[in-house]
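One structure is given here, and the rest of the page talks about it.
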Amino acid sequence: MSKLGTLGARLHHGEVGYDFVKNRKIWYGISILITITAIVGLAVRGLHMGIEFQGGAVFTTPKNMSASVAQAETWAEEASGHDAIVQKLGDGSLRIQIAGTDTQQSDQIKEDLSQKLDVPAEKVNADLVGPSWGDQIANKAWQGLGIFMVLVVIYLAIAFEWRMALAAFVALIHDITITVGIYALVGFEVTPGTVIGLLTILGYSLYDTVVVFDSLKEQTKDITKQTRWTYAEIANRSINSTLVRSINTTVVALLPVGGLLFIGGGVLGAGMLNDISLSLFVGLAAGAYSSIFIATPLVADLKEAEPQMKSLKKRVLAKRAQASAKGEQAPAAADEAPYADDGTDDAAAAVVGPRNQPTSRGRGRGRPSGRRR
C-alpha cells in the first residue's frame, strides 16, 4: 500500500489525526480575512463584465494575422472611441471586442479596422450583441442560483438536519464570495462561461461537504448513550476519516482545470479558456477548504449549543477528570475509536465510531470483545 493509502487508512481508523475542530477559530479568522479582501476587491475594482452583459460588437479577422494584439487594440480604440479587448486565437486570427457600439458605428469601425489591418472589409466578421440579452443572462443566472440555494437547504434539512443545512449554506456563500472577489482582483472578464463555472463549483463544494456530513451523521447516532466522546470530537473524527478522499478528489479535479488556466490560457494565449477555468480553479480549492475548515466545525458549534450536547460534554469531562484522579489514562479523541463503557451495549457503541471498527483495542489479543474491564 502507498504511503498516502496507509495514511488514509490510519486516519479512517482514528490512529492518527489533526484536531480541525479545536482550532476552528483560526480557520474562521482566515476565512473572514480572505472574504473581507474579496469584498474590498469587488467594491474597489468591480467586475469586468464581458460584452455579453454590456452589449457591443465583436469583430473576428481572417487567420494568420501579422498585427500584434497591442497594435490591434490601439487601432480598435482609435476607430471606436471605446476601450477594446483583443485576443489572438489559436489559428492566428484576432477577436476584437468593443462595448457600447450600435449597428451604424459597427459598420464604420469595421471599415477602419479593415484598412489598418490591411484585409478586405468583407473578410472581417462582425457580430452585434444587445445589452438586453446580457440582462436576460444575468437575471437567469441569479434565478438559477437562488433556486439552487433553496433546494440545497431544503434537501440537507430533510436528509440531515437544519444545522447542517445552515453550515452548508454558509460554506457555499463563502466559496462564491471568494471566487467572485478574486475575479475582481485579477481583472478577468466575466462571461457566460464564468457563470457556468460558478454554478459548477457549487455542486462540487456541496458534494465534498455532504461526504463529511454523512460520516458525521453515522458516527453520532445514539451519541448521548455514551460518555467518552463529545460531539466536537466525533465531528473531528469525521473530517479526518474523509480527509484523504477530499484531498484526492480535489487534486484530481484541479489538475485538468489548472492545465486549462495556466497552459491553455496563459502559455497558449487562449484567453476564452480563462473565463471558465479561473472560476473552476478557485472555486474547487475554496470548496475543499470550506468543507473541512468551515462547514463541519460550524456544525459542531451549533450542535454543542444544544442542552443535550452541553450535558453530554459535562459528563464526558467529568468522567475523564474522575479517571485522571484515579490514575487511569483518559482516551484521546484522535487515538481511539469511540467506545461506550457506561452500561450501553456494543451495538450502541459501534455506531459512534467508524464503520467496521472494533469497539475495543483488546479484541483479538486475549481479551473478550465486550466491555472493558
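Computed from a prediction, not measured in an experiment: that's the story for all the values here. We're numbering straight along the sequence, starting at 1.
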Review point. Who passes ring pair (Phe, Tyr, Trp, His ring centres under 6.0 Å) against Trp75, sequence neighbours left out?
Key: none
Got a sec, which pairs hit salt bridge (Lys or Arg N to Asp or Glu O under 4.0 Å) with one end in [range], sequence neighbours left out?
range            : answer
residues 38-50   : none
residues 121-130 : none
residues 240-256 : none
residues 141-161 : Glu161-Arg163, Glu161-Lys303

Review point. Under the 4.5 Å side-chain heavy-atom rule for ILVMFWY, direct or indirect, which residues accompany Ile32?
Key: Ile36, Val40, Val44
Review point. By the rule that ILVMFWY residues connect when side-chain heavy atoms come within less than 4.5 angstrom, directly or transitively, which residues belong alongside Val211?
Key: Tyr207
Practice item. Could you list all the side chain to side chain donor-acceptor pair (under 3.5 Å) pairs where at least one residue sits in residues 292-302, not counting sequence neighbours? Key: Arg24-Asp301, Tyr28-Asp301
By salt bridge (Lys or Arg N to Asp or Glu O under 4.0 Å) - contacts of [X] (at least two apart):
X      : value
Lys116 : Glu78
Glu77  : none
Glu304 : Lys313

Exercise for review: Output all residues satisfying side-chain hydrogen bond (donor to acceptor under 3.5 Å, both in side chains) with Thr74, sequence neighbours left out; order by chain, then residue number.
Suggested key: none
